[in-house]
Amino acid sequence: MNPVQELHNFLKKVIIDAIEACREEGLLNYQQLPDFVIEVPREKGHGDFACNIAMLLAREARMAPRKIAETIVNMINTVSYDQIEKIEVAGPGFINIFLNDSWLYDIPALVYKLGDIYGYNSRLGQRVQVEFVSANPTGNLHMGNARGGAIGDTLANILDRAGYDVQREFYINDAGNQIEIFTDSLETRYLQLNGYDLPFPENGYAGQDVVDTVKRIISRYGKQLLDMAPEQRRKTLLDYALEEKVDYIHKTLENFGVNYDVWFSEKTLHEAGKIDQVVNYLREKGYVYEEENALWFKSTLFGDEKDEVIMRANGLPTYFAADIAYHKDKFERGFDWVINVWGADHHGHVARMKGAIEALGYDPVKLDILLMQLVRLYRGGNIVRMSKRTGTTVSLDELIEEVGRDAARFFFVMRSPDSHLDFDLELAKQQNQENPVYYVQYAYARICSIFRQAEVAGVRMPGITEIDPSLLQEEEELALLRKVADFPEEISVAARAMAPQRIARYVLDLAGLFHSFYNHHRVLYQDQALQNARLMLMYITRITIKNSLDILGVNSPERM
RNA sequence: GUCCCCGUAGCUCAGCAGGACAGAGCAACGGCCUUCUAAGCCGUGGGUCGGGGGUUCGAAUCCCUCCGGGGACGCCA
């Protein structure tokens, strides 16, 4: 529960009580109360909150909306509420509610008390898993992985603040067809570098990173692998390369501010026979059939457009089969909510994955797949093609090096996951106003500076009980207070909608209101009581900016 | 052909579990630094919310259709 929520609930109750009283007195006729809303109007003159119940009730009550609204308002006015200043009927029948500011002046004490946990909901006792990035350990992390990392991690942070027990997981695709191709590539490079004239596999990993890896293998093992049996040679090459790649992914993401709770290896599913198990289970349930020597899952039974192969004619399971086993494992671990962050190129996979979950007897509603549209990388207006194979793209570690972690994370999360993201490296590198992260960080640094100045002047902010927040009467002060008060509600909306961009938007707005306040009013060298109240306003604004930036994984610098 | 995302100001995008005159940043123009950081603030101009139809008291938001851009439709992952 948060301040804004409490107000909402209070007002909803006030209105429902009034409507019911009207019905009892025969002033209104209706069977069931429609699902009405109490919202913050765009226009300030329309009050602090507005309610649309009268329009919704009009048909059933056989009465003009304005007439209904007036009836309700008259009933509300028979009771006097401390928080409500006045209520009006406006427009087609809106009930506009004007509050006095008393509730706002409770906000500073609340934020002051909670500090770095301001915005957090109480624990819900619900476990949610967020799986994201899960890049193939066969190449460098690209821009799609970077966006997935920023979105996934921010979403996980939001869910944590919203009261969920969150687990972050990375699924390591260290088995399957791609790994075979990867091993072919390693082996070919190894032999080539040892003087063998071999053609490189047509679909192999041609990137320079593979060559570099093999060079390191050579400096460690020399020509030893030439004498090994092919199977042993391939295993040696692959084990080394996988360890190196996973380590690289781990370190790069860590450097991006992304830390996982679980690194889940696909290989362990194969080794433990989990894939055969799940295939057998589906077979027993009659959800599979054989055709052209392959085994097909009947996705169409669950609303998919076509069936999907899970066992190839060569007897090997497909990626989908492994993924079913993986998701079975997730659900067996007892999560209440499972979220996957996937690139939009996987959208065809969504319906059958949900179908498989249902086939396994779990509730597909508990699985949410957040699809994010792909990133287009530009350099000075020219598109940079992202090819993991050729290795000619910019990798995440290079991106962090070039534009910095803060700007990169903010940029990736600012846009709705539904939108294509054009990322121009030249633009991001400029570190000017085009990068909104500086706008927010600058607000934070400015507040820190005020407190430094205060210290120099020997001014100390007293405890909350010695401060009178009601001295904050200026438009800019009230706007800032309201925005700070909104924070917990903003988090819960962002969690519900799985919309990390909302937090970026929120903190931009908050910083904007601060800058506006800063340019209109002074904090220091005021009447002492006012100075104290404004110091408190700065104090809680700073906390709220910091808590927001923490969610985004962006630093809050005290000086800029 | 089927499916997914997008189409809002010159540019990049918010808003979209329907709500009252459509928002921000950048760009353009004009102001604001002898007192807390001008990476800032204030103001001005700029939009048939891709087109058409429908549902509704009310549609940028929901539904249908068409157009335009991107993506997915492998016994790849």
Side-chain angles (χ1 to χ4, degrees), chain A residues 35 37 39 41-43 45-46 50-52 54-56 58-59 64-66 90-94 96 134 136 138 173 176-179 181 203 266 291-296 304-306 308-320 322-323 343-351 371-374 376 414-422 424 427 431-443 445-454 456-457 459 476 496-497 501-502 504-505 508-509 511-512 514-526 534-535 538 559-560:
Chain A
D35 201 14
V37 296
E39 59 185 356
R42 247 204 306 267
E43 200 63 30
H46 294 145
C51 179
N52 66 343
M55 281 91 82
L56 299 176
R59 176 168 293 185
R66 280 198 71 105
F94 285 102
N96 291 340
S134 299
N136 280 328
T138 51
N173 298 121
N177 209 37
Q178 295 292 3
I179 288 296
I181 295 168
N203 56 355
E266 178 184 351
E291 195 177 293
E292 295 176 25
N293 293 325
L295 196 64
W296 298 70
D304 201 2
E305 287 167 45
K306 54 181 184 170
E308 184 70 17
V309 171
I310 54 173
M311 281 292 197
R312 286 176 276 204
N314 63 13
L316 293 175
T318 60
Y319 170 81
F320 181 44
D323 224 13
D345 53 339
H346 286 65
H347 100 264
H349 196 51
V350 173
L371 289 179
M372 44 163 204
Q373 298 298 314
L374 301 178
R376 271 186 304 234
M414 216 171 55
R415 297 278 136 77
S416 155
D418 282 342
S419 294
H420 291 269
L421 177 62
D422 291 339
D424 194 317
L427 218 66
Q431 305 205 341
N432 57 15
Q433 314 88 302
E434 300 262 343
N435 253 326
V437 65
Y438 293 104
Y439 183 78
V440 178
Q441 290 181 322
Y442 185 50
R446 269 180 149 180
I447 297 175
C448 292
S449 177
I450 293 172
F451 280 96
R452 281 194 299 270
Q453 290 290 325
V456 169
V459 172
E476 290 82 4
R496 196 165 57 232
Q501 75 277 11
R502 293 195 69 116
R505 181 66 38 188
L508 271 170
D509 290 347
F514 161 76
H515 284 307
S516 183
F517 162 80
Y518 185 92
N519 277 276
H520 283 92
H521 309 288
R522 293 191 52 81
V523 174
L524 300 176
Y525 310 112
Q526 304 297 301
R534 284 186 174 164
L535 277 170
M538 292 301 97
R559 292 170 202 274
M560 285 177 77

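Letters go in sequence order (proteins before strands), and every chain restarts at 1.
- Considering only side-chain N and O atoms, A:Arg452 lies nowhere under 4.0 angstrom from the phosphate OP1 or OP2 of B:U37.
- The phosphate of B:G71 has neither OP1 nor OP2 within less than 4.0 Å of any side-chain N or O from A:Arg376.
- Across all strands, A:Arg59 comes closer than 4.0 Å only to sugar-phosphate atoms, never to a base (heavy-atom distances).
- For A:Glu476, there are no salt bridge (Lys or Arg N to Asp or Glu O under 4.0 Å) partners, not counting sequence neighbours.
- The shortest distance between the side-chain N/O atoms of A:Lys306 and the OP1/OP2 oxygens of B:G74 is below 4.0 Å.
- Look at A:Tyr438 and you won't find any side-chain N or O under 4.0 angstrom from OP1 or OP2 of B:A38.
- Contact annotation for A:Ala90: base contact, defined as any heavy-atom pair under 4.0 Å involving a base atom.
- At the phosphate of B:A39, neither OP1 nor OP2 sits under 4.0 Å from any side-chain N or O atom of A:Arg559.
- The distance between atom CG of A:Asp418 and atom C1' of B:U61, rounded to the nearest whole Å, is 14 Å.
- A:Gln526 has no side-chain polar atom (N or O) that falls below the 4.0 Å cut-off from OP1 or OP2 of B:U35.
- Contact annotation: A:Tyr442 side-chain N/O to B:A39 OP1/OP2 distance is under 4.0 Å.
- Here the side chain of A:Arg534 pairs a donor or acceptor atom with the backbone of A:Arg522 at under 3.5 angstrom.
- The interatomic distance linking A:Gln453 (CD) with B:C36 (P) rounds to 7 Å, in whole Å.
- Contact annotation: A:Ser419 reaches the phosphate of B:A14 (side-chain N/O to OP1 or OP2, under 4.0 Å).
- Taking 4.0 angstrom as the limit, A:Ser516 places none of its side-chain polar atoms (N or O) nearer than this to OP1 or OP2 of B:G40.
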